[in-house]
Amino acid sequence: MKSSEIRKAFLDYFESKNHHIVPSAPMVVKDDPSLMFTNAGMNQFKDIFLGNTRSKYDRVADSQKCLRVSGKHNDLDEVGHDTYHHTMFEMLGNWSFGDYFKKEAIGFAWELLTDVLAINPENLYVTVFEGDEKDNLTPDNEAYDHWKKILPEERILYGNKKDNFWEMGDTGPCGPCSEIHVDLRSDEEKKKTPGRSLINQDHPEVIEIWNLVFIEFNRMGDGKLKNLPAKHVDTGMGFERLCMVLQGKRSNYDTDVFQPIIAEITGLAAVQYGEKKETDIAMRVVADHVRAVVFAIADGQLPSNTGAGYVIRRILRRAIRYGYTFLRFDEPFMNKLLPVLVDQMGEAYPELKAQHQLTGKVITEEEIAFLRTLSQGIRLFEQYIKEHPENKVIEGKFAFELFDTYGFPIDLTQLMASEKGWTIDMEGFRKGLEQQKERSRKAAKVDTEDWVLVQKSEKELEFTGYEELSSETKILRYRKVKAKKKSYYEIILEKTPFYAKSGGQVGDKGLLKNRDEEIRVIDTKKENNQTVHITEKMFSNPFAPVRAIVDQNKRKQTANNHSATHLLHAALRHVLGKHVEQKGSLVEPNRLRFDFAHFSKLTDEDIQKIEKLVNAKIRENIPVGEQRDLSLEEAQKLGAMALFGEKYGEQVRVISFNRDFSVELCGGTHVSATGDIGFFKIVSESAVAAGIRRVEAVTGEQAEYIVREQEKNLADLKELLRNPKDLIQGARKLLEENAELQKELKQLKQEKVNSLEKELLSKIRKIGEINFIAEKVDIDMADAKDLAFRLVKKTNDLFLLLGIANQAKANLSLMISESLVKSKGLHANNIIREISKEIKGGGGGQPHFATAGGKEPGGIGRAFEKAEQMLISVT
RNA sequence: GGGGAAUUAGCUCAGCUGGCUAGAGCACUUGAUUUGCAUUCAAGAGGUCAUCGGUUCGACUCCGAUAUUCUCCA
């Protein structure tokens, strides 16, 4: 069975059991601070389990793309070394939200595996929860009894809390789970050791394939368990692993999920898979990582140096490094694997096809950048070896610096060191890393107190901000959060006009008022579908009704910018072409920023055309078209474009300005008609990454302000230039004149130095065979230096001392011919230190040239005498 | 969010503990050479050493702030 058929068989089976098949959620998670990537099938249903939202369907199944880079069995550093761990993988799952429970879940799983997918039941084992005294939980006999009916009891095992009790986090929904394991060993092996004894023992051929979680409890803040009103089922089956089982392979990488990519790699590297341990590992690393990176980029997550983007960059770099070291790829190669991957997965995940070109560009760019990092590291490494030739051990501190500051991988340092017969002080390296981690932990530490429940509400949380900017409401719960420098409160209201940061639009600011007090809301954000108000203070009486008032002015400006963003998006597509697609957006009260896919820099004409079109639409004063509660399909029929990497609910909202101009899916706040925006002005255009451009713009008052500023600058400039007819011409003339004057000045100075040169030459006195000059001159220090260097070239055995006096300051310059430095042991540095005492100052320099400064110009003469005395004593 | 680093000629980079009139390679201009694949040789142009402030007789170098970029950790 091909992998695509397996995926389809799974989905078809559950569809036949009345499950609604939902698309995979994006791999990148946006509104959950505890999670960067989707790491399990249940992530997109978290809100349902938490009770924040209700599901439209009781039964759901999907194939979810997931990414794991850390966790029990998924350390990024391990991927590739074995044959079954991955960063990106697909998780097949079926769910029941308050519908069926253990009996049906077990029945479905068994029927699908043994009947539809024809796995030999003899090879299957299951585990059930053994209970836990501390939590006062009895063994899960209910699950046991259901299993007993379908397979012999000797293949049912009890498992402990670690393996068989699933929890979402420290608090929240949880429950016992039941795992299905498969024994893939040969009959001979099976006879030797019973499969039963190898369950959950990390045996590579006795593995878990499906986990059925029965969610029935809620873990409270105090650690106690409470029964949930509705029970849920949450299951997850690793797709790649299932393919391995069904295709009779011993490694996930041998299945048709990975083989086409590996075949491509072997072609490029001219190395066969299975030839050598090291190159095999490298190929697995590359094959795994290219999938992760491509899916992430297609979901809109570009590599960057913070957060989720940084994780993607790390994965990409790890692949490049393995390719570089073991497969001898020393120029970009990852993008060459892209067509195979798109070809293979593009059917199930259309975003890969749509984002093909962009993905290739971004990856190539990253590869080039990293190869540069590598060569810089190699240079530093070699320099270090050269500077410490006798060490034979690389200090941990240096190895850490290479890694920490220059991003040079430690194992590459190790490899290069061993090639030269050196070793690395890994202890020291680890110490550095540990300190780094400690620092970060300290800085990132956030103490979150438990939620304080104030009042209960029967209603769902409500957002009133589309209609009004001030609402009468009550506090449901709040908590105090202590971060490193500041502490603040998070407040949840029953209904709120405050817009929480999302879709690029920043969160509202404003006030919460009750009869006696008012507190400021400094930000509003969304967490697990709830609007969280951030405040610096808390009411002394949280039970009183409050009025929530949004800062009207800021909101209005934000709305201007948001609507302008839509017009900009549409205008970009009109002017540049339909390939333009939103890649990111930021909408603040005083500006807007819009990132989009486009291959080249915008010309000035492009920008003008775009501004012109947007402003024309503003003047048309198009009323906003708003439609709520549409299905995604209905919205798309209207022409709204769904973005890859965005998660849309069952109901979407569409904002349009003229049906045939701008139609977008959007939850943000907008103007009532485009005329409100007033005026639109682009202030900058730049690149963010390969194939992605950024436009920043302002609207309304802010745009007016910027234009006024520029106008003022221009007026000031005109006045400065005495109102020339042609400003540009005037400025150019001024610059030319200035250059001319500079030249003349230089020449005059030159002449002065020339005449001084002659004058000084005529003043040479002989002290022994030394040509001695000590004179006051009226030039600046730089010219004095120049003069000294010119004289020393022309005169042998010169001892030149120049004194400069201006106002309250005195300067000395001393130049001595190299020959005198050598033969007489004269040292300008020492001499100037001595004689500068006479001008109440200090100085220094090199043996042949030194300078000094002081605050007594009257002492210059004495300094000259002193120098002469010193010379006489030498000769 | 925290730590470390970088910013010097069009490009890639040297410039050690403050003082060598800021250098190299490539690219560029000019002249010669007339070349089996980066032809060679010579001369030259090109720099507010990221920006602002401070310490100092003196700052590319030290200190502080800002901006941009890189990098590691969370």
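Predicted model only: the values in this text are computed from it and were never measured.
When the P atom of B:G1 is taken as reference, atom NZ of A:K525 falls 12 Å away, rounded to whole Å. Protein atom NZ of A:K837 is 16 Å distant from nucleotide atom P of B:C57, rounded to whole Å. Rounded to an integer number of Å, the gap from A:Q376 CD to B:G4 C1' is 13 Å. Distance CZ (A:R314) to C1' (B:C70): 16 Å, rounded to an integer number of Å. Atom CD in A:E434 sits about 20 Å away from atom P in B:G2, given to the nearest Å. We find that CZ of A:F849 is positioned 8 Å from P of B:U21, with the value rounded to whole Å. Separating the CD1 atom of A:I839 from the P atom of B:G58 is a distance of 11 Å, rounded to the nearest angstrom. For the pair A:Y310 OH and B:G3 C1', the computed distance is 12 Å after rounding to whole Å.
Looking at heavy-atom distances under 4.0 Å, A:Y406 makes contact with sugar-phosphate atoms alone, never a base. A:K397 comes within contact range of no nucleotide atom at all, as no heavy-atom separation falls under 4.0 Å. Contact annotation for A:R441: no contact, since no heavy-atom pair falls under 4.0 Å across all strands. At the heavy-atom level, A:G844 lies under 4.0 Å from base atoms of the strands shown. If you check every strand for non-hydrogen atoms under 4.0 Å, A:G842 touches a base. Within 4.0 Å of A:F400, counting heavy atoms only, lies no atom of the nucleic acid at all.
Position along RNA chain B of the nearest nucleotide to A:G843 versus A:R372 favours A:R372 as the more 5'-ward residue. Projected onto RNA chain B by closest heavy-atom contact, A:G845 and A:A369 fall at different nucleotides, the more 5' of which corresponds to A:G845.
The CG atom of A:L402 sits 5.0 Å away from atom OG1 of A:T413, with the distance rounded to the nearest 0.5 Å. Distance check: A:N39 CG to A:C66 SG gives 7.0 Å after rounding to the nearest 0.5 Å.
In this entry B:G53 has B:C63 as its Watson-Crick or G-U wobble partner, both defining distances falling under 3.5 Å. Pairing of B:A14, defined by two Watson-Crick or G-U wobble distances under 3.5 Å, is not identified with any nucleotide. Nucleotide B:G1 forms a pair with B:C73, judged by Watson-Crick or G-U wobble geometry with both contacts under 3.5 Å. If you check B:C20 for Watson-Crick or wobble pairing at under 3.5 angstrom, you find it has no partner at all. When both pairing distances are held under 3.5 Å, B:A42 makes a Watson-Crick or G-U pair with B:U30.
Comparing the P positions of B:A5 and B:A65 gives an interatomic distance of 13 Å, to the nearest angstrom. Atom name P, nucleotides B:G47 and B:A24: the rounded distance is 15 Å, in whole Å. Comparing the C1' positions of B:U71 and B:G53 gives an interatomic distance of 28 Å, to the nearest angstrom. Distance noted for atom C1' between B:U51 and B:C13: 22 Å (whole Å). For B:G19 and B:A59, the C1' atoms lie 10 Å apart once the distance is rounded to whole Å. The separation of B:C41 from B:U7, taken at their P atoms, amounts to 31 Å, rounded to a whole angstrom. Comparing B:C63 with B:C26, their C1' atoms are spaced 36 Å from each other, to the whole Å. Spacing between B:A50 and B:A32 at atom C1', rounded to whole Å, works out to 41 Å.
Checked by atom type and distance alone, the side chain of A:T38 pairs as donor or acceptor with a backbone atom of A:P26 at under 3.5 Å.
Side chains of A:D404 and A:Q436: a donor on one and an acceptor on the other come within 3.5 Å. With hydrogens and angles left out, the side-chain atoms of A:N335 and A:T364 include a donor and acceptor closer than 3.5 Å.
Residue A:R379 places at least one side-chain N or O under 4.0 Å from the OP1 or OP2 atom of B:A14. Using a 4.0 Å cut-off, no side-chain N or O of A:K809 falls inside it from OP1 or OP2 of B:U56.
Looking at heavy atoms from C-beta onward, A:M334 lies in side-chain contact with A:L316 at the 4.5 angstrom threshold.
A salt bridge links A:R479 to A:E527: one of the charged nitrogens lies within less than 4.0 Å of a carboxylate oxygen.
Closest contact between the side chain of A:R439 and the listed nucleotides B:G3, B:U21, B:C73 involves B:G3. Distance from the side chain of A:L433 is smallest to B:C73 among B:G19, B:U71, B:C73. Between B:A74, B:A5, B:C70, one nucleotide has an atom nearer to the side chain of A:K437 than all others, and that is B:A74.
For B:G2, the base has a donor-acceptor partner in the side chain of A:Q436 [N/O atoms by modelled type, under 3.5 angstrom]. In this model, a side-chain donor or acceptor of A:D404 finds a partner on the base of B:G3 within 3.5 Å. In the interface, the side chain of A:T851 is paired with the base of B:G19 through a donor and an acceptor atom under 3.5 Å apart.
In this structure, the ring of A:Y324 has its center no less than 6.0 angstrom from the ring center of A:F329.
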